[in-house]
Number of protein chains: 2
Amino acid sequence: MDKSHQSQSDVSAALKSAGMQVTAQRLAVYRAVQTSPHAMADEICQTVREDLGVISRQAVYDALNTMSENGLIRRIQPAGSPARYEHRVDNHHHLACRKCESLIDIDCAVGEAPCLTAKSDHGYLIDEAEVIYWGICPACQQ
Amino acid sequence: MDKSHQSQSDVSAALKSAGMQVTAQRLAVYRAVQTSPHAMADEICQTVREDLGVISRQAVYDALNTMSENGLIRRIQPAGSPARYEHRVDNHHHLACRKCESLIDIDCAVGEAPCLTAKSDHGYLIDEAEVIYWGICPACQQ
DNA sequence: TCCAATTATGGACTGAGTCAATAATTGGTT
DNA sequence: AACCAATTATTGACTCAGTCCATAATTGGA
């Protein structure tokens with residue numbers, strides 16, 4: 001199954017199995033995240049409003065937070081940017097442009113997390129290696 | 001030379017060679033960053049105030065920003081945390097605790113940046129691979 | 001159908017950081 | 001040594017992203 005294209009009922013089931021209730025707001029927020037990956041909270045809020053008509057800013061934040069905590073979506077926060085959300089929850093990385101703040105996905109060569117091993121774990125129980133490649137995107141290189 | 005223990009005159013010289021003026025505020029901010037690595041802006045502000053007596057919050061932010069831009073210090077921003085600053089500017093990584101927000105340095109096995117190569121660079125000119133290992137620190141494992 | 005628990009709404013509020021106008025410093029020049 | 005243009009510091013208002021909280025509405029199991 002293509003994890004990056006969850007159907008409505010898949011999302012519904014995922015919410016339930018995480019012990020969350022299924023609401024129109026949550027489904028719509030998930031759809032918005034799916035439609036525009038790497039979008040920020042207020043962009044998602046706008047998208048959902050075009051869809052549902054009305055939703056409170058708080059409901060969007062709640063949905064994004066609980067769905068992130070339950071692994072339905074993933075939150076990314078590159079330095080200097082507000083939080084962004086994506087529906088891809090497999091282990092992949094990101095490529096960020098220092099100039100235009102654009103962000104794109106990069107597949108992880110290894111697959112399952114953590115894909116890198118630290119030289120020494122200093123006693124930490126490491127579960128994820130978050131990698132962000134920083135550079136200049138093709139458009140900004142002119 | 002141990003890059004992690006710049007003397008006052010080294011800092012002074014580094015500021016000059018970056019085209020920046022040498023001021024008491026900047027030297028004090030650098031000292032504060034050196035003294036408590038991974039500190040946040042307001043902590044640095046406090047430390048500098050114990051040192052100089054008075055400094056404006058804005059002067060602290062200015063010093064931190066310009067020194068970061070000129071490579072004298074490094075800014076790190078783990079998700080969910082305000083910006084932190086460190087005087088180590090060599091290529092190393094970080095280990096963050098999901099519970100207590102503690103952050104420690106991890107040496108990079110490779111050395112010079114970028115220490116990782118992306119599977120595909122998508123036309124980006126990559127200059128850095130930022131790696132944050134996420135896990136639970138020894139103290140929080142109880 | 002009912003009801004307890006969960007979720008949404010609306011509005012005030014916080015924290016981190018920036019903006020912009022004015023005052024003070026710095027460091028090269030005569 | 002004094003001057004002066006450019007840089008830097010101060011002050012206070014302001015923005016942006018996000019949280020808190022009390023109340024109202026919805027959900028889904030009994």
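The sequence lines fix the lettering, A, B, ..., with proteins before strands; numbering per chain opens at 1. Quantities reported herein were computed from a predicted structural model and do not represent experimental measurements.
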(message) Whether the side chain of B/Arg75 engages the backbone of B/Ala83 through a donor-acceptor N/O pair (distance < 3.5 Å, no angle test) should be reported.
(response) no
(request) Assess the side chains of A/Thr35 and A/Tyr30: does a donor N or O sit below 3.5 Å from an acceptor N or O? (result) no
(request) Flag the pair A/Arg98 and B/Asp127 as a salt bridge only when some basic side-chain nitrogen lies within less than 4.0 angstrom of an acidic carboxylate oxygen. (result) yes
(message) Can you tell me which nucleotide in C/dA8, D/dT10, D/dA17 comes closest to the side chain of A/Ser56?
(response) C/dA8
(message) Nearest whole Å is fine: how far is D/dA24 P from A/Gln25 CD?
(response) 18 Å
(request) Whole angstrom is fine here: how far is it from CZ in B/Arg84 over to P in C/dG17? (result) 11 Å
(message) Measure CD/B/Gln46 against P/C/dA16 and give the value in whole Å, please.
(response) 12 Å
(message) Does B/Ala24 reach a base, just sugar-phosphate, or nothing at all? Heavy atoms under 4.0 Å.
(response) nothing
(request) Could you check how far CE of A/Met40 sits from P of D/dA17, rounded to whole Å? (result) 7 Å
(message) Tell me whether the side-chain N or O atoms of A/Arg26 pair up with the base of D/dT27 as donor and acceptor below 3.5 Å, since no angle test is needed here.
(response) no
(message) I need the residues from residues 58-79 of chain B with at least one non-hydrogen atom less than 4.0 Å from DNA chain C; give them sorted by number, or say none.
(response) B/Gln58, B/Tyr61, B/Asn65
(request) To the nearest 0.5 angstrom, please state how far the CD1 atom of A/Ile126 sits from the CD1 atom of B/Ile106. (result) 5.5 Å
(request) Check each of A/Arg88, A/Arg84, A/Glu86, A/Glu43 against A/His38 using the side chain to side chain donor-acceptor pair (under 3.5 Å) test, and report the only one that passes. (result) A/Glu86
(message) So if I take every side-chain heavy atom of A/Gln21 and compare against D/dT27, C/dT9, D/dA17, which nucleotide ends up nearest?
(response) D/dT27
(message) I'd like to know if B/Arg74 pairs up with B/Asp90 as an ion pair, taking the criterion as any Lys NZ or Arg NE/NH1/NH2 lying under 4.0 Å from an Asp or Glu carboxylate oxygen.
(response) no
(message) Does D/dT7 have its OP1 or OP2 closer than 4.0 Å to a side-chain nitrogen or oxygen of B/Thr23?
(response) no
(message) Just verifying a value: how many Å separate B/Asn70 CG and B/Ser17 OG, rounded to the nearest 0.5 Å?
(response) 8.5 Å
(request) Could you tell me whether the side chains of A/Asp107 and A/His92 share a donor-acceptor contact shorter than 3.5 Å? (result) no
(request) I would like to know whether A/Gln58 and A/Asp62 meet side-chain hydrogen bond (donor to acceptor under 3.5 Å, both in side chains); could you show each step before the answer? (result) CA-CA 6 Å; A/Gln58 190 58 42; A/Asp62 282 352; 3.2 Å; yes
(message) Closest approach to the side chain of B/Val22, judged atom by atom: which nucleotide of C/dG27, C/dG17, D/dG18 is it?
(response) C/dG27
(message) Between the opening five pairs and the closing five pairs of the helix from C/dT1-D/dA30 to C/dT30-D/dA1, how far apart are the helix axes, to 10°?
(response) 20°
(request) Send over the distance from A/Leu15 CG to D/dG28 C1', rounded to a whole Å. (result) 14 Å
(message) Counting distance alone, no hydrogens or angles: does the base of C/dG10 have a donor or acceptor under 3.5 Å from a partner atom on the side chain of A/Arg57?
(response) no
(message) Between P on C/dG15 and CG on B/Asp42, what's the gap in Å once rounded to a whole number?
(response) 10 Å
(request) Take the protein atom CG of A/Leu27 and the nucleotide atom P of D/dT26, then report the distance between them rounded to whole Å. (result) 16 Å
